[in-house]
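Being a predicted model, the structure only gives us computed values, none of them experimental. Chain identifiers are assigned alphabetically (A, B, ...) following the order of the sequence lines, protein sequences preceding nucleic acid strands; residue numbering begins at 1 within each chain.
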Amino acid sequence: MPQEAIRAALGAVLEGLGASADDVRLERPRDPSHGDLSTNIALALAGRLHRKPREVAEEIAGRLDLAAAGVESVEVAGPGFLNFRLSSGTVASVLDEILRANAGYGRSETGGGHTVMVEFVSANPTGPLHLGHGRQAALGDAIASLLEWTGWKVHREYYYNDAGRQMDLLARSVRARYRQRLGRDESLPPDGYRGDYVAEVAEDLVAEVGEQFLKDDSGDALDQIRKFAVRILRAEQDRDLSDFRVHFDEYFLESSLYEEGLVDGTVEQLRSTGLVYEKDGATWLKTTEFGDQKDRVMIRTSGLPTYFLPDVAYHKNKWDRGFHRVVNVQGSDHHGTMARVLSGVRALGLPEGYPQYVLHQMVRVERDGQEVKFSKRAGSGVTLRELYEEVGVDVARYFFQMRKPDAQLLFDLDMALDQSDKNPVYKVQYAHARMCSIFAKAGVNAEKLEGGSSDLDVLGADLERDLLKRLREFPATIERAAASMSPHVLCDYLEQTAGAANAWYHSGNPTRSPELAVLVDDSVLRSARLSLARAVQIVLRNGLTVLGIDAPQRLVRATTEAVAS
RNA sequence: GCGCCCGUAGCUCAAUUGGAUAGAGCGUCUGGCUACGGACCAGGAGGUUGGGGGUUCGAGUCCCUCCGGGCGCACCA
């Protein structure tokens, strides 16, 4: 690892300047003319030492002993950067590492095997999942996966409200449709659920119980209808998520918090903090103590808790279950709840930074430059299933992941349906398939390829150096994406790496420049380039795997009819 | 009105968390190609990073302010 060697060499010199190797940040400069690796340590130190940055840089460069680091040259550039140029053998040495680690390349132990819970989707079972849930499902799953790749033990959890007002409204909506279906004149509740799926549930109810609830207005009957509807809709959500390749370790029911007395327990604990008071017949929590805009009611005049109380109890429960790091993925329309939950959790004495939130913004879908708005079945919006049945799961997942969560997402259906390199998903998948096709053409078993050739320094072409340097950055990219909980960082990396791989591949067009082809006659070159192709294939495949997207060995273009169906 | 998020090429978005000449894709323009998989390739043009001020060796990034957009501001969830 040249980074470590350079870092060590720098460390030796820096001791005399009151700094250490830990202060050094080595980066790949954007501009290749600035070398292969670069550090700003002299700039950082200059202020502290009250000296000119370039002078400090010159001094460090003069004293560096880089004999063992595979460095060809060091130069001082710009305001005081130290730029290192590596020998091509050193640059190519990453291939050994990649081929050896194979499916493990990119993994790290940063998380130390500690436990983290990622809670996401958490939609109430009042209807089909829509696009916002889709973004959250893809995003949450990718974040969970990134944490796994960086050494965390991840628990995926889904929380849902199976009681309360919305559920009651759902039950009454289903009851109305059910009675209409049986020929009785009954209208939907004023803010009832209007989507066609409600009638579908009602149809199932008729098949199940016949006319049993036709005239029964009792609370018990309504309760049974609610349970029936929840069962049907939960099953549908499970199918939608499972077909979207998103799976949970645990489904947590809000009602269980009440059944196990956790809500009452939380009230008691909060009271003991002295931050609880009575006003206007209700019970309030001083959330302003923790930066909320106003205090919040936790128990209404009626004696019933507001929703925010079980939320706090739930987060106490997560902690007590041993999850001392929790990531909540939510739509940014819920950001108001965040401050309240955090206040409640702080009041209970849980530490700063627990839980963490990733808030994502809304999704719009466009076709031919026009926004797609309506789904008759869902009553409003577009359902997740409608989307991925049209564009495919790989494309849908990738599109949801490729943008930073806290910006609005424009889902461009025309690009999503395109099957050329214009579509970033196919661009990456196709680069992967291309590498696989080279192995097939060469008649080699990719799994048997080894990087241990001592002749890797033949990979000296600009496109090869560029590609090699990108491959080396894969583990750091995973780290960065995981640390910032931003899958789009990985998407960006994969697109650029696929682009670099494509450029390399195309430069070796056998008709025009056969000497640059992977499968050249020269056996040393051929073997080194096959190793490079293999490394590219491994990195692209691992990256796609993190995102939950297939890395097929060959792509078969769908026909127009198949796309339409 | 208050709070959170966002504002970067014609469009959709990046920018290694304060680094060097702000990068990709789409679109556009100009060339090229009998193919290690044509689901093409190479290259060009395109920018006062919403405006203004500040912090420092250095700002798209941090601070202040103004403008514009999204979301949230219940004893609803």
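- A:F81 pairs with exactly one of A:L43, A:T39, A:I41 by the side chain to side chain contact (heavy atoms under 4.5 Å, CB included) rule, that one being A:L43.
- Taking atom NE2 of A:H488 as the reference point, atom P of B:rC6 lies 12 Å away to the nearest angstrom.
- As a whole-Å value, the separation of A:W504 CH2 from B:rA42 C1' is 19 Å.
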Under 3.5 Å, which donor-acceptor pairs do the side chains of residues 519-526 of chain A form with other protein atoms, sequence neighbours left out?
| residue | atom | partner | partner atom | Å |
| --- | --- | --- | --- | --- |
| A:D522 | OD1 | A:V524 | N | 2.9 |
| A:D522 | OD1 | A:L525 | N | 3.1 |
| A:R526 | NH1 | A:V520 | O | 3.4 |

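- Between A:R271 and A:E278 a salt bridge is recorded (basic side-chain N to carboxylate O distance below 4.0 Å).
- Applying the side-chain hydrogen bond (donor to acceptor under 3.5 Å, both in side chains) definition to pairs two or more places apart or across chains, none involves residues 403-414 of chain A.
- For RNA chain B, if you chain together Watson-Crick or G-U pairs that step i with j, i+1 with j-1 and so on, the runs of at least three with distances under 3.5 Å are B:1-7 with B:67-73, B:10-13 with B:23-26, B:28-32 with B:40-44, B:50-54 with B:62-66.
- As rounded to whole Å, 13 Å separates atom P of B:rA42 from atom OH of A:Y505.
- By the ring-ring contact (aromatic ring centres under 6.0 Å, His included) test, A:Y493 is found to be paired with A:F474, residues two or more places apart in sequence or in another chain being considered.
- Among the heavy atoms of the strands lying under 4.0 Å from A:A433 is at least one base atom, whether or not backbone atoms are also near.
- The OH atom of A:Y430 sits 4 Å away from the C1' atom of B:rG37 (whole-angstrom rounding).
- Rounded to whole Å, the distance from CG on A:L170 to P on B:rA77 is 16 Å.
- Taking the P atom of each, B:rU16 and B:rU55 are spaced 24 Å apart, rounded to whole Å.
- Remark: A:E352 engages no residue in a side chain to side chain donor-acceptor pair (under 3.5 Å) (not counting sequence neighbours).
- Base contact: A:N83 has a heavy atom under 4.0 Å from a base atom.
- One interatomic measurement links the two molecules: CZ of A:F399 to P of B:rG25, which rounds to 15 Å at whole-angstrom precision.
- Within the nucleic acid shown, A:T283 has no heavy atom closer than 4.0 Å to any nucleic acid atom.
- Residue A:L519 is in base contact, counting any heavy-atom pair closer than 4.0 Å across all strands shown.
- Taking 3.5 Å as the limit, the base of B:rA74 and the side chain of A:T306 contain no donor-acceptor pair of atoms between them.
- Contacts of A:S332 with the nucleic acid, taken as non-hydrogen atoms under 4.0 Å apart, involve only primed sugar atoms and P, OP1 or OP2.
- Under the ring pair (Phe, Tyr, Trp, His ring centres under 6.0 Å) criterion, the residue pairs touching residues 410-440 of chain A are A:F399-A:F411, A:F400-A:F411, with sequence neighbours excluded.
- A:F290 meets the ring-ring contact (aromatic ring centres under 6.0 Å, His included) test with no other residue; sequence neighbours excluded.
- No engagement by A:N423 is indicated, since no non-hydrogen atom pair under 4.0 Å with the nucleic acid exists.
- Neither OP1 nor OP2 of B:rA74 sits under 4.0 Å from any side-chain N or O of A:K294.
- Under 4.0 Å is where a charged nitrogen must lie from a carboxylate oxygen, and between A:R226 and A:D223 at least one such pair does.
- Comparing the P positions of B:rA59 and B:rG53 gives an interatomic distance of 14 Å, to the nearest angstrom.
- To the nearest whole angstrom, the two P atoms, one in B:rA22 and one in B:rC6, are 23 Å apart.
- Among the protein residues, A:A282 comes within range of the nucleic acid bases, having at least one heavy atom under 4.0 Å from a base atom.
- Between the side chain of A:H334 and the base of B:rG72, no donor-acceptor pair of N or O atoms lies under 3.5 Å.
- Residue-level contact check: A:K52 touches neither bases nor backbone, having no heavy atom under 4.0 Å from any strand.
- Here B:rC11 presents its P atom at 20 Å from CG of A:L413, a figure rounded to the nearest Å.
- Neither OP1 nor OP2 of B:rG37 sits under 4.0 Å from any side-chain N or O of A:K441.
- Shown for residues 475-486 of chain A: residues whose heavy atoms fall under 4.0 angstrom of RNA chain B, namely A:R480, A:S484.
- Every residue meeting the ring-ring contact (aromatic ring centres under 6.0 Å, His included) condition with A:Y159, not counting sequence neighbours, appears here in chain and number order: A:Y314.
- Within 4.0 Å of A:E55, counting heavy atoms only, lies no atom of the nucleic acid at all.
- Side-chain atoms of A:Q429 and A:Y398 include no donor-acceptor pair closer than 3.5 Å.
- Heavy atoms of A:F308 sit nowhere under 4.0 angstrom from any nucleic acid atom.
- Among the atoms of the strands shown, none is found under 4.0 Å from any heavy atom of A:D412.
- Using a 4.0 Å heavy-atom cutoff across all strands shown, A:R25 reaches sugar-phosphate atoms only and no base atom.
- On a pure distance criterion of 3.5 Å, a polar donor-acceptor pair joins the side chain of A:N40 and the base of B:rG19.
- Base engagement by A:Q293 is indicated by at least one non-hydrogen atom pair under 4.0 Å involving a base atom.
- Glycosidic conformation of B:rU48 is anti; the angle lies outside 90° of 0.
- In this structure, A:H34 counts as stacked on the base of B:rA20 under the 5.5 Å centre distance and 30° plane angle limits.
- In this structure A:T288 satisfies the side chain to side chain contact (heavy atoms under 4.5 Å, CB included) test together with A:D295, sequence neighbours excluded.
- Panel note: side chain A:E27, backbone A:S38; no donor-acceptor pair is recorded below 3.5 Å.
- In this structure, A:H315 has no ring-ring contact (aromatic ring centres under 6.0 Å, His included) partners at least two apart in sequence or on a different chain.
- Residue A:Y307 contributes atom OH, which lies 9 Å from atom C1' of B:rA74 at whole-angstrom precision.
- B:rC57 sits 12 Å from B:rA20 when the C1' atoms are compared, rounded to a whole Å.
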Pairs under 3.5 Å (N/O, protein and nucleotides 54-57 of chain B):
none

